[in-house]
Protein chains: 2
Amino acid sequence: MARKPGSRSDITGPRIRAAARHLFARHGFAAVSMRQIAAEVGVQAGALYLYTPDKETMLVDLLRDHMDELIAAWDAAEPSADPVERLEAFVRFHIAFNLDHAEAVFLSYMELRNLGPENFAVIEGLRRDYENRLEAILRAGQDAGHFAVPDTKLATLAIIAMLNGVNTWYREGGRLGRAAIGDIYWDMARKAVAA
Amino acid sequence: MARKPGSRSDITGPRIRAAARHLFARHGFAAVSMRQIAAEVGVQAGALYLYTPDKETMLVDLLRDHMDELIAAWDAAEPSADPVERLEAFVRFHIAFNLDHAEAVFLSYMELRNLGPENFAVIEGLRRDYENRLEAILRAGQDAGHFAVPDTKLATLAIIAMLNGVNTWYREGGRLGRAAIGDIYWDMARKAVAA
DNA sequence: GTCTATAAGACGATAGAC
DNA sequence: GTCTATCGTCTTATAGAC
């Protein structure tokens, strides 16, 4: 009875990641036990250790994969050379991507403190890579005279913080659709950095 | 040996709250044990239960006290009737208060999910009370023709999210002092809601 | 008001059967 | 690849001594 009929690691692996992401986002990394994750997947706790050496590695793998996907998606989508159009594209992309990956976004902001120093540095570096892409847009727009901000780095962080806020209140089927939200935040972001 | 010489509840109580706030903010509510809190204070774990019925009540008391203090401080400080001046005062107040109470702010955004439904509703209600004060400013400024935002509620949340971002990067002794940070964020907030 | 001691159980992780 | 069983430790919370 040891091996369950039809058991396959290429199915169980993704299901473990999905269950861990979901439970960590909902209850917090420290509050979720390996037994809970295993129960959600339908295996015993010991079986999880075929897929990860330990619990922290499960978390950092989720966070790294998320950041890699975020950066790759933006790099694949990046539009025209005009800084204003690029900023608009960034605002709409960031909101849409965050809403499509709400659990992973939540984790990548809330659970960094559960990482050891070296894992923390990896995720922090990826986040900075992403921020630098927005900062470059703002700098190009200032050089072209379209934007004027008192501090480019702080404007970068301010815009990202503002956009991240959407995930704290958005509910599917609410008053505003995603396109309308993009319009509203683009209006505010555009004016905030306007010359 | 039972009672320690000089032990007094009016000293131990605040020290327990401070230790809990500090450890919860640093490691997360679920990751901190009652034994750790007791060790930080210098008592045994059982003694904590003279001051709180359980761990969750410790957390909700910290969060409620923080929100009460935040709202009372703003209500005591609120300045002129002019909406533009009031918005500037709000921006500077919010940044300063958040930096002065960084651990409690962190908790009140990160640990709400560790509350039961009734405790959660209490803290959510206080947060909405505070948000409503900013929303009223934005509405008054629109009525007077000074501001123009596509959606007043979302502008409220966007500004608060932007300002909250300061706590994620600010370090004492960094490149910018608090006054300079207030200037920079006031410039961006003002333009974001400008007519 | 604080201690020691303990109840009753959950935790992360591993060993060995199949 | 997954199971059962288990190790050693930690957990929240309580009881009773002083």
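Given the structure is predicted, the values throughout are model-derived calculations rather than measurements. Residue numbering restarts at 1 for every chain, and letters A, B, ... go by the order of the sequence lines.
When the side-chain nitrogen and oxygen atoms of B/Q44 are compared with OP1 and OP2 of C/dT4, one or more of them lie within a distance under 4.0 Å. Between D/dG1 and A/T12, no contact under 4.0 Å exists linking OP1 or OP2 to a side-chain N or O.
The nearest whole Å value for the distance from the OH atom in B/Y51 to the C1' atom in C/dG1 is 6 Å. In this structure, A/L50 places its CG atom 12 Å from C1' of C/dT14, rounding to the nearest Å. Whole-Å rounding puts the B/I37 CD1 to D/dA13 P distance at 10 Å. Atom P of nucleotide D/dT2 and atom CG of A/L48 are separated by 10 Å, given to the nearest angstrom.
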Could you go through nucleotides 10-13 of chain C and list every protein N or O atom that sits under 3.5 Å from one of its N or O atoms, giving the distance for each pair?
{"unit_1": "C/dC11", "atom_1": "OP1", "unit_2": "A/S33", "atom_2": "OG", "d": "3.1"}
{"unit_1": "C/dG12", "atom_1": "OP1", "unit_2": "A/K55", "atom_2": "NZ", "d": "3.2"}
{"unit_1": "C/dG12", "atom_1": "OP2", "unit_2": "A/M34", "atom_2": "N", "d": "2.8"}
{"unit_1": "C/dG12", "atom_1": "N7", "unit_2": "A/R35", "atom_2": "NH1", "d": "3.0"}
{"unit_1": "C/dG12", "atom_1": "O6", "unit_2": "A/R35", "atom_2": "NH2", "d": "3.2"}
{"unit_1": "C/dA13", "atom_1": "OP2", "unit_2": "A/Y49", "atom_2": "OH", "d": "3.0"}
{"unit_1": "C/dA13", "atom_1": "OP2", "unit_2": "A/K55", "atom_2": "N", "d": "3.2"}

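Remark: A/R17 does not engage A/D61 in a salt bridge, criterion side-chain N to carboxylate O under 4.0 Å. A salt bridge links A/E135 with A/K153: the distance from a Lys NZ or Arg NE/NH1/NH2 to an Asp or Glu carboxylate oxygen falls below 4.0 Å. No salt bridge links A/D129 with A/R133; every basic N to acidic carboxylate O contact stays at or beyond 4.0 Å. In this structure, A/R127 pairs ionically with A/E124, as a charged nitrogen and a carboxylate oxygen lie closer than 4.0 Å. Remark: B/K55 does not engage B/E111 in a salt bridge, criterion side-chain N to carboxylate O under 4.0 Å. Salt-bridge formation is not detected for the pair B/R64/B/D68: no Lys NZ or Arg NE/NH1/NH2 atom is positioned less than 4.0 Å from an Asp or Glu carboxylate oxygen.
Residues B/H101 and B/E69 bring a donor and an acceptor atom of their side chains to less than 3.5 Å of each other.
In the helix from C/dG1-D/dC18 to C/dC18-D/dG1, the rotation axis of the first five pairs and that of the last five pairs differ in direction by 0°, rounded to 10 degrees.
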Please report, to 0.1 Å, the donor-acceptor pairs under 3.5 Å made by any side chain of residues 38-45 of chain A, with sequence neighbours excluded.
none

